[in-house]
Amino acid sequence: MLSFGVDLITFFHPGFWGMANEQEVITFGREQPRAFWDRMLDTLAQSGVTGIELTFSPFGPEGLIAAYGSIEAARDELDRRGLAIASGFFADVAIEGGVGDAQTEARWLDSAEESVKALAAWGSDIMVMGLPMRTSWNAEPPVFVDMEFARKAADFCNRLGALTLRHGVRLALHTEAHSTFCQPRDIDLLLMLTDPVYVGFCPDSAHILLSGGDPVTVVARHIERVVTAHWKDAKSAMPINIPIDHGIHHAHREYFCAIGEGTVDFDGWAKLMLSKADQKWAILEIDAVPDPLTETRKSLAFAGEVLDRLSNETAA
């Protein structure tokens with residue numbers, strides 16, 4: 001049976017914190033980590049979900065440790081609220097780019113190992129990772145996601161996956177829209193080139209849709225690789241000629257919507273996820289909302305309705 005968690009990007013909206021912008025949220029999280037984490041964990045404890053996906057700083061492992069002083073103390077704070085670390089999103093590669101540069105990759109491996117040690121200590125066995133963003137369609141010169149790039153990316157993913165697995169943690173690639181792992185063809189290519197022993201798959205239903213793919217069709221081709229999944233909804237695909245710059249993630253939010261209000265086929269999606277019997281966690285991802293408690297409860301209720309409907313169909 002799937003358990004549901006939430007990605008902490010849900011709490012990135014300045015409105016939840018009474019702040020003016022996202023930079024103020026980041027500064028508060030770094031300067032006052034205890035107050036920051038207490039408020040998030042207390043809110044999640046009321047929401048009905050039991051899992052957390054850590055993400056970029058200050059929502060990551062280092063922030064959680066800073067808030068409570070140690071890995072052990074952080075685990076105690078989670079336990080007393082009935083929460084668990086479902087997974088951790090290793091964001092460095094997606095944010096920085098630089099696949100194929102030996103020094104950059106060595107730094108990423110060192111950073112990832114510190115994160116994965118904390119994840120394992122908290123009982124999590126999943127590290128999610130995104131790949132670098134594409135460049136805009138009209139970049140000069142054009143930058144192609146071709147076999148040369150894919151081989152470099154796959155080589156790094158294989159080595160990172162081998163490192164995380166030594167700590168009992170599976171690496172899973174996330175399908176971020178407008179990244180080099182988002183188009184249906186990109187997904188097929190990178191999963192073909194990576195070793196399934198070391199590299200799993202974290203499909204995101206909304207991001208696949210934004211990139212012009214059908215989430216159910218794409219995931220059905222690779223269901224055996226799924227380690228966890230992000231349940232998220234969107235209204236439609238985005239134009240292929242949208243600028244890919246520092247504002248691209250904010251541009252995505254115009255297309256995202258509450259789960260169940262978009263065009264993702266969640267009955268088909270859920271059937272696929274239930275067919276993967278060893279999948280423990282499903283992550284409800286809600287990008288930066290001012291009322292995370294209400295939105296998380298709504299998302300959890302919708303997911304429960306889908307699963308109940310499928311269960312009743314099976315019983316009938």
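Along the sequence shown, residues carry numbers from 1. Just so it is clear, the structure is predicted and the values come from calculations on it, not from any experiment.
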**Prompt:** Are any of the side-chain nitrogens in Lys276 or Glu224 under 4.0 Å away from the carboxylate oxygens of its partner?
**Reply:** no

**Asked** Hey, would you say the Trp108 and Phe90 ring centroids sit under 6.0 Å apart?
**Response** no

**Request:** Indicate yes or no for a side-chain donor-acceptor contact from Ser205 to the backbone of Lys232 under 3.5 Å, with no hydrogens or angles considered.
**Result:** yes

**Message:** Which heavy atom of Val197 sits nearest to which heavy atom of Leu165, and what is that distance?
**Reply:** O-CD2, 3.7 Å

**Request:** Report yes if the distance between the aromatic ring centroids of Tyr68 and Trp37 is under 6.0 Å, otherwise no.
**Result:** no

**Message:** side chain to side chain donor-acceptor pair (under 3.5 Å), that's the test. Do His250 and Glu22 meet it? Break it down for me.
**Reply:** CA-CA 11 Å; His250 288 89; Glu22 292 175 349; 3.2 Å; yes

**Prompt:** Measuring from Phe144:CZ to Arg134:CZ, what's the distance to the nearest 0.5 Å?
**Reply:** 10.5 Å

**Message:** Tell me if the OH atom of Tyr198 is crowded by more than 12 foreign heavy atoms within 6.0 Å.
**Reply:** no

**Message:** Working note: Arg225 + Thr194, criterion side chain to side chain donor-acceptor pair (under 3.5 Å); need CA distance, chi angles, decisive distance, verdict.
**Reply:** CA-CA 11 Å; Arg225 300 282 291 273; Thr194 50; 2.9 Å; yes

**Prompt:** Is there a side chain to side chain donor-acceptor pair (under 3.5 Å) between Glu53 and Ser87 once you walk through the steps?
**Reply:** CA-CA 5 Å; Glu53 181 168 276; Ser87 50; 2.7 Å; yes

**Request:** Run the salt-bridge test on Asp79 and Arg81 with the 4.0 Å N-O cut-off and return the result as yes or no.
**Result:** no

**Message:** Check this for me: does any side-chain nitrogen of one of Asp38 and Arg34 sit under 4.0 Å from a carboxylate oxygen of the other?
**Reply:** yes

**Prompt:** Stepwise, does the salt bridge (Lys or Arg N to Asp or Glu O under 4.0 Å) test hold for Glu305 with Arg309?
**Reply:** CA-CA 6 Å; Glu305 289 169 7; Arg309 184 165 58 248; 5.5 Å; no

**Request:** May I ask you to decide if the ring planes of Phe266 and Phe302 are parallel, tilted or perpendicular, using 30° and 60° as cut-offs?
**Result:** perpendicular

**Prompt:** Can you name the nearest heavy-atom pair linking Met273 to Pro203, along with the distance?
**Reply:** CE-CG, 4.2 Å

**Request:** Could you please spell out the steps behind the ring-ring contact (aromatic ring centres under 6.0 Å, His included) verdict for Phe12 and Phe59?
**Result:** CA-CA 9 Å; Phe12 198 30; Phe59 301 92; 5.7 Å; yes

**Asked** Short question: side chain of Ser124, backbone of Ala120 - any donor-acceptor pair under 3.5 Å?
**Response** no

**Item:** Stepwise side-chain contact (heavy atoms from CB on, under 4.5 Å) check, Leu2 with Trp231
**Value:** CA-CA 12 Å; Leu2 284 173; Trp231 294 40; 3.9 Å; yes

**Request:** Would you please indicate if the ring centroids of His174 and Phe181 are separated by under 6.0 Å?
**Result:** no

**Asked** Is Glu24 reaching over with its side chain to a backbone N or O of Ala20, donor-acceptor style, under 3.5 angstrom?
**Response** yes

**Asked** Looking at Val227 and Gly200, what are the two nearest heavy atoms and their distance?
**Response** CG2-CA, 3.8 Å

**Asp125 (side chain) donor-acceptor with Val169 (main chain) under 3.5 angstrom** = no

**Request:** For Gln23, look at atom CD and say whether over 12 heavy atoms of other residues, nucleotides or ligands are found less than 6.0 Å away.
**Result:** yes

**Request:** Indicate yes or no for a side-chain donor-acceptor contact from Ser57 to the backbone of Gly60 under 3.5 Å, with no hydrogens or angles considered.
**Result:** no

**Message:** Looking at Glu114 and Lys117, is any side-chain nitrogen of the basic one under 4.0 Å from a carboxylate oxygen of the acidic one?
**Reply:** yes

**Prompt:** Charged N to carboxylate O under 4.0 angstrom, Asp291 versus Lys298?
**Reply:** no

**Asked** Is Arg159 salt-bridged to Asp155, going by a charged N under 4.0 Å from an acidic O?
**Response** yes

**Message:** One thing to verify: whether Glu77 and Arg80 come together as a salt bridge, which I'm taking to mean a side-chain N less than 4.0 angstrom from a carboxylate O.
**Reply:** yes

**Prompt:** Honestly, is Arg30 close enough over Phe36, meaning NZ or CZ under 6.0 Å from the six-membered ring centre and within 45° of the axis?
**Reply:** no

**Message:** Please tell me whether His178 and His252 form a close aromatic pair, meaning their ring centres lie under 6.0 Å apart.
**Reply:** yes

**Request:** Enter the distance from Leu119:CG to Ile126:CD1 here, rounded to the nearest 0.5 Å.
**Result:** 9.5 Å

**Prompt:** So, for Ile26 and Pro58, which heavy atoms are closest and what is the spacing to 0.1 Å?
**Reply:** O-CG, 3.9 Å

**Complete:** Gly63 and Pro33 have their tightest heavy-atom pair at O-CB, 4.2 Å

**Fill in**
So NE2 of His167 and CE of Met127: to nearest 0.5 Å the spacing works out to 9.5 Å

**Asked** Would a distance-only check, ignoring hydrogens and angles, find a side-chain to backbone donor-acceptor pair under 3.5 Å from Trp122 to Glu72?
**Response** no

**Complete:** Note: Ile71 and Ala121 closest approach over all heavy atoms is CG2-CB, 3.6 Å

**Salt-bridge present (Arg107, Glu96; N to O < 4.0 Å)** = yes

**Prompt:** Does Pro132 offer a backbone N or O that forms a donor-acceptor pair with the side chain of Thr180 under 3.5 Å?
**Reply:** yes

**Message:** Here's a test for you: under side chain to side chain contact (heavy atoms under 4.5 Å, CB included), which of Ile286, Leu210, Asp233, Leu209 qualifies with Phe256?
**Reply:** Leu210

